Amino acid sequence: MNLLTRGLKTMDLLTELRPEQMTLAAGAVWLPGFALPQAEALCAYLQQHFVPHPPQQMMTPMGYPMSVRTSSMGDRGWVGSAQGYGYSAVEPSSGRPWPPIPPLILTLAHDAALKAGYAGFVPDSCLINVYAPGNKMGLHQDKDEQDFSQPIVSVSLGIPATFLFGGARRSDKAVKVPLQHGDVVVWGGASRRFYHGIATIAANQHPQAGAQRINLTLRKAT
DNA sequence: CAGTCGCG
DNA sequence: CGCA
């Protein structure tokens, strides 16, 4: 019995099959399980990171808080406030510089980018988004970076999430990608500025992360 | 005028 | 999907 005679629709294919690599749009690649070898070490490392650098809810310029909590590593960290969005060399709550991105994460990001077709990726910013059940992220573009020739590398840890990957306009139809612990998504080239987001997170539990999804987003900000 | 990682 |  093949997949078509079982009556599977496109969404079912995405949830049942775990291809080694799948193209979501021109220049955008989903790498299921690419970070699984490092995932447990990453979770442990982040737990330690969160002690001196607790994730905080950023504000939007429209006056609403975002539902996710965020922290950062690297020369720059992404911050949001009533004044707008951008990159900061210091953690707003403490005024101290962000801690460096550890080699484990730099290497993972570099290797994932290479696998997706982007050689020589050296990020200077790692945004850490922490999602609890009920949290979400509306469709948006990553457009606060200086150099759009560099891709974005996104690492998923903890409980699952539905990643929404749209197009150049916010109203473009978005593909739904069922991200799991250890999945990596890389987007660049034509898709570098495409809209993307995260659907409301369902209640869930993960052995390493608890009731959380932790997303690492690696960028070259400067 | 452009926006807008939010909301209804 | 369009806001103000």
Side-chain angles (χ1 to χ4, degrees), chain A residues 24-25 27-28 30 46 49-50 53-93 98 101 109 123-148 150-179 183-202 209 212-222:
Chain A
L24 303 175
W30 175 31
L46 290 168
H49 169 91
F50 290 145
H53 306 283
Q56 313 227 337
Q57 275 179 287
M58 298 295 170
M59 287 299 291
T60 67
M62 306 94 83
Y64 299 99
M66 297 173 65
S67 65
V68 299
R69 294 173 301 131
T70 78
S71 180
S72 279
M73 299 181 292
D75 295 337
R76 295 289 183 279
W78 186 88
V79 293
S81 73
Q83 284 62 253
Y85 306 127
Y87 284 93
S88 170
V90 298
E91 185 175 18
S93 59
W98 305 99
I101 305 172
D124 59 6
S125 178
C126 178
L127 175 65
I128 308 166
N129 279 143
V130 181
Y131 294 78
N135 290 0
K136 59 187 158 58
M137 177 85 71
L139 287 180
H140 67 279
Q141 303 168 292
D142 291 5
K143 58 181 180 186
D144 301 316
E145 302 74 29
Q146 305 269 0
D147 184 2
F148 295 120
Q150 295 304 305
I152 302 285
V153 173
S154 168
V155 180
S156 292
L157 298 167
I159 65 178
T162 301
F163 182 53
L164 309 168
F165 199 80
R169 297 168 304 182
R170 209 194 195 196
S171 54
D172 288 342
K173 184 179 120 65
V175 173
K176 296 180 179 178
V177 186
L179 296 182
D183 285 6
V184 177
V185 180
V186 181
W187 63 99
S191 67
R192 173 61 179 75
R193 279 182 272 192
F194 278 12
Y195 280 85
H196 56 278
I198 290 288
T200 303
I201 302 281
Q212 280 187 334
R213 170 175 187 263
I214 304 175
N215 181 60
L216 270 31
T217 312
L218 291 128
R219 297 95 179 257
K220 177 120 183 32
T222 62

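Chain letters run A, B, ... following the sequence lines, proteins first, then strands; residues in each count from 1. It should be emphasised that the depicted structure is a prediction, and the values quoted were computed from it without experimental measurement.
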Does [X] use its side chain to pair, donor to acceptor, with the backbone of [Y] at less than 3.5 Å?
X         : Y         : value
Thr200(A) : Lys136(A) : no
His196(A) : Gly166(A) : no
Lys220(A) : Thr222(A) : yes

Can you list everything that forms a side-chain hydrogen bond (donor to acceptor under 3.5 Å, both in side chains) with [X]? Sequence neighbours excluded, please.
X         : answer
Glu145(A) : Tyr87(A), Arg192(A)
Ser171(A) : none
Trp187(A) : none
Ser191(A) : none

What distance, rounded to whole Å, do you find between the two C1' atoms, one in dG3(B) and one in dC7(B)? 15 Å

Using the C1' atoms only, state how far dG8(B) lies from dT4(B), rounded to an integer number of Å.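 To the nearest whole Å, 14 Å.
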
Taking only heavy atoms on the protein side, list every residue of residues 130-138 of chain A lying under 4.0 Å from any atom of DNA chain B, sorted numerically.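 When residues 130-138 of chain A is checked for heavy atoms under 4.0 Å from DNA chain B, the hits, listed by number, are Lys136(A), Met137(A), Gly138(A).
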
What residues from residues 62-77 of chain A pass a heavy-atom cutoff of under 4.0 Å to DNA chain B? Met62(A), Tyr64(A), Met66(A)

Nearest-0.5 Å distance, [atom1] of residue [X] to [atom2] of residue [Y]:
X         : Y         : atom1 : atom2 : result
Leu164(A) : Lys173(A) : CG    : NZ    : 10.5 Å
Ser72(A)  : Gln56(A)  : OG    : CD    : 11.5 Å
Met73(A)  : Ser125(A) : CE    : OG    : 9.0 Å
Gln212(A) : Ile159(A) : CD    : CD1   : 8.0 Å

Dot-bracket for DNA chain C, please. Rules: Watson-Crick or G-U, both distances under 3.5 Å, ( ) within the strand, [ ] when a pair crosses earlier ones, | for another strand, . otherwise. ||||

Under the rule for salt bridge (charged side-chain N to carboxylate O under 4.0 Å, His left out), what residues qualify as partners of Asp172(A), not counting sequence neighbours?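 If we apply the salt bridge (charged side-chain N to carboxylate O under 4.0 Å, His left out) test to Asp172(A), skipping adjacent residues, the hits are Arg169(A).
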
For Met66(A), which residues count as a side-chain contact (heavy atoms from CB on, under 4.5 Å) partner, sequence neighbours excluded? Met58(A), Thr60(A), Val68(A), Trp78(A), Met137(A)

Among all residues two or more places apart in sequence or in another chain, which pass the side-chain contact (heavy atoms from CB on, under 4.5 Å) test with Lys143(A)? Gln141(A), Phe148(A)

Contact boundaries of DNA chain C with chain A (under 4.0 Å, heavy atoms), 5' to 3'? dG2(C) to dC3(C)

Test Ile128(A) against Leu46(A) for side-chain contact (heavy atoms from CB on, under 4.5 Å), laying out the working first. CA-CA 9 Å; Ile128(A) 308 166; Leu46(A) 290 168; 3.9 Å; yes

On DNA chain B, reading 5' to 3', which nucleotide is the first and which the last to sit with an atom under 4.0 Å from a heavy atom of chain A, could you check?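 Range of nucleotides within reach of chain A: dT4(B) to dC7(B).
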
